[in-house]
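Written out below as structure tokens is the structure these notes cover.
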Amino acid sequence: MNPIGPLGAADEGFNHQIVDTVATVGTSDLAWTEKVCAMACAPDGSVQLGFGLGQYKNRNVLDGYAGISRGVEQVTVRGSRTLAPTPEELSVGPIEYEIVEPLRKIRFRLAENDCQPAAFDWLFEAALPAQLEDRTHLRRGYRVMSDLVRYHQIGTASGWVSIDGQRTTFEDWVSTRDHSWGVRYDVGVPLGDVESMDLPPEVSFRMIWAPILMTRADGSRYGLHLHYQIVQMDGFFSKTVMGGVEHADGRFEKWKDLVPELSFDPDNRRLRGGLIRATTEDGTERVLALEAVSDTGFHLGAGLYFGFEGRHHGSWLGPGLHVDGERIEDCSTYESARRLHQIRDTVVRVIDSTGATGVGNCQPIITGGDESLGLTKESSFM
């Protein structure tokens with residue numbers, strides 16, 4: 001016997017990739033995930049919106065988060081529901097994702113709700129074509145930790161945001177989004193009977209993932225995608241560089257190297273700014289000056305990245321719909337930073353040595369100690 005998966009509306013389309021219904025993916029791995037993540041921000045960094053939605057077919061779960069960051073304050077709403085029998089509905093409670101025009105226009109909504117006094121509705125419109133990133137394939141010994149594909153897109157946002165009953169409309173905010181699928185790390189409660197995949201405490205890990213919308217003096221736009229991962233410890237160094245310069249006509253100039261000279265707050269490891277020396281594959285060099293625009297920064301830990309108070313991506317909470325959330329008045333404190341983890345959507349202003357300027361989203365992580373940056377091993381956290 002080899003039973004076929006449930007039949008759904010998506011099976012009417014010509015979308016099948018395996019000999020089964022669309023309800024079934026090509027692996028039984030519980031970490032299989034299809035996920036979207038997005039942000040929109042005021043150019044001055046005063047307000048930032050965060051959104052994420054994840055589908056876990058082998059867990060029968062759809063979950064998501066949506067929230068608002070203003071300075072050091074963050075309001076977050078999370079939702080989780082049973083995926084079946086409506087996997088094609090991309091919503092969970094007040095959190096809604098709508099494909100208006102594929103690869104051009106996407107709508108992100110947080111409806112008025114009883115959990116937190118926050119709501120928004122923003123329309124993402126592409127400023128540049130969507131860009132596939134390098135495949136993520138991570139292996140530790142015999143075990144493949146992740147194998148997934150991702151694309152991101154840089155654009156603008158228009159819509160409204162409401163907090164504490166005060167609604168504000170906006171237009172031409174910067175907005176970035178990404179969409180990934182595959183076997184993903186950090187899904188579900190860490191298993192207690194398998195080897196830990198956490199980095200040893202003596203390892204220093206440095207990363208940024210940053211899509212930036214740049215504007216030239218003549219008003220034309222292009223994008224920068226900055227992504228590096230640096231792993232080092234005594235006697236070991238590894239560096240991976242991805243991304244490049246994205247043009248409106250679809251041309252892409254890939255980075256050969258990115259050399260960061262960035263600074264971080266020693267207490268909460270929030271990015272302050274600095275330089276990135278970039279080199280494209282043809283040898284062209286440019287210097288990118290980054291500055292964190294304000295204290296605003298949506299902490300993705302509240303969206304369950306690296307877990308939050310015992311919750312993890314894809315966790316089964318029982319049948320039906322579950323909605324919760326919280327309001328944290330100051331995310332910058334030593335205690336709050338460790339509760340929420342490092343990774344956050346940081347609004348950054350970028351000056352390119354070509355003369356163009358831009359605003360975008362930077363997700364940084366830096367663990368371990370570095371005396372030159374005033375960071376100690378004892379203060380390190382993920």
Side-chain angles (χ1 to χ4, degrees), residues 15 35-43 51 97-108 122-136 148-159 170-181 208-228 240-260 275-291 293 345 347-363:
N15 306 305
K35 194 170 189 66
V36 296
C37 185
M39 63 80 73
C41 65
F51 183 99
Y97 174 80
E98 179 187 357
I99 302 169
V100 179
E101 182 181 342
L103 300 177
R104 291 293 307 166
K105 296 180 181 180
I106 305 291
R107 187 176 298 279
F108 303 96
W122 101 71
L123 177 67
F124 170 95
E125 296 185 79
L128 300 167
Q131 185 68 47
L132 277 168
E133 301 181 14
D134 295 347
R135 184 186 300 272
T136 299
L148 58 88
V149 168
R150 175 186 289 108
Y151 67 83
H152 66 264
Q153 192 165 32
I154 303 170
T156 60
S158 59
F170 60 86
E171 60 182 15
D172 206 33
W173 279 13
V174 172
S175 187
T176 66
R177 70 184 188 99
D178 72 88
H179 182 178
S180 63
W181 58 94
I208 67 166
W209 180 88
I212 313 293
L213 180 60
M214 303 295 295
T215 305
R216 301 182 182 91
D218 64 3
S220 62
R221 287 171 158 173
Y222 66 97
L224 297 175
H225 182 227
L226 309 170
H227 186 24
Y228 62 76
T240 303
V241 172
M242 303 182 198
V245 184
E246 303 173 14
H247 297 276
D249 61 3
R251 288 182 300 116
F252 179 69
E253 301 174 71
K254 190 173 183 178
W255 301 127
K256 179 181 179 181
D257 196 13
L258 295 171
V259 180
L275 302 177
I276 293 181
R277 302 187 185 276
T279 306
T280 54
E281 286 191 320
D282 65 2
T284 302
E285 298 180 356
R286 59 211 298 170
V287 179
L288 309 173
L290 275 69
E291 174 194 9
V293 174
D345 289 334
V347 183
V348 293
R349 183 177 294 113
V350 178
I351 301 175
D352 193 337
S353 55
T354 62
T357 61
V359 173
N361 176 23
C362 184
Q363 296 178 358

Could you tell me if the side chain of [Y] sits less than 4.5 Å from the side chain of [X], heavy atoms only?
| X | Y | value |
| --- | --- | --- |
| Q363 | M39 | no |
| I276 | I208 | yes |
| V100 | F124 | no |
| W255 | L224 | yes |
| V245 | F252 | no |
| R177 | V36 | no |
| F51 | I106 | no |
| D134 | K254 | yes |

Roughly how far, to the nearest 0.5 Å, is [atom2] of [Y] from [atom1] of [X]?
| X | Y | atom1 | atom2 | result |
| --- | --- | --- | --- | --- |
| C362 | H227 | SG | NE2 | 11.0 Å |
| R286 | T280 | CZ | OG1 | 7.0 Å |
| L213 | L128 | CG | CG | 6.5 Å |
| Q131 | M242 | CD | CE | 13.0 Å |
| L290 | I351 | CG | CD1 | 9.5 Å |
| L148 | K35 | CG | NZ | 11.5 Å |

Q: Give the C-alpha distance, both sets of side-chain angles, the deciding distance and a yes or no for side chain to side chain contact (heavy atoms under 4.5 Å, CB included) between V259 and E285.
A: CA-CA 11 Å; V259 180; E285 298 180 356; over 6 Å; no

**Message:** Once you measure the plane-to-plane angle for H179 and W181, does it fall in the parallel (<30°), tilted (30-60°) or perpendicular (>60°) bin?
**Reply:** perpendicular

Discussion item. Over 60° means perpendicular and under 30° means parallel, so tell me whether F108 and W122 are parallel, tilted or perpendicular.
Written reply: tilted

Item to check | Residue R216 excluded, over 12 heavy atoms near CZ under 6.0 Å | outcome: yes

Please report the closest heavy-atom contact between [X] and [Y], naming both atoms and the distance.
| X | Y | result |
| --- | --- | --- |
| V347 | A42 | CG1-O, 4.4 Å |
| P43 | D172 | CG-O, 4.5 Å |
| L258 | A278 | CD2-CB, 3.6 Å |
| R150 | W209 | CD-NE1, 4.5 Å |
| P211 | H225 | N-CD2, 4.1 Å |

- Look only at the side chain of S180 and the backbone of V149, and say whether a donor-acceptor pair between them is shorter than 3.5 Å. no

Side-chain donor/acceptor of E253 to backbone N/O of E281, under 3.5 Å: no

Hits for side chain to side chain contact (heavy atoms under 4.5 Å, CB included) against R104, two or more places apart or cross-chain, chain-then-number order -> E101, A126

**L123 vs K105, side chain to side chain contact (heavy atoms under 4.5 Å, CB included): CA-CA, chis, key distance, verdict** = CA-CA 7 Å; L123 177 67; K105 296 180 181 180; 4.2 Å; yes

Q.
Within the 3.5 Å criterion, strictly below it, is a donor on H152 or E133 matched to an acceptor on the partner's side chain?
A. yes

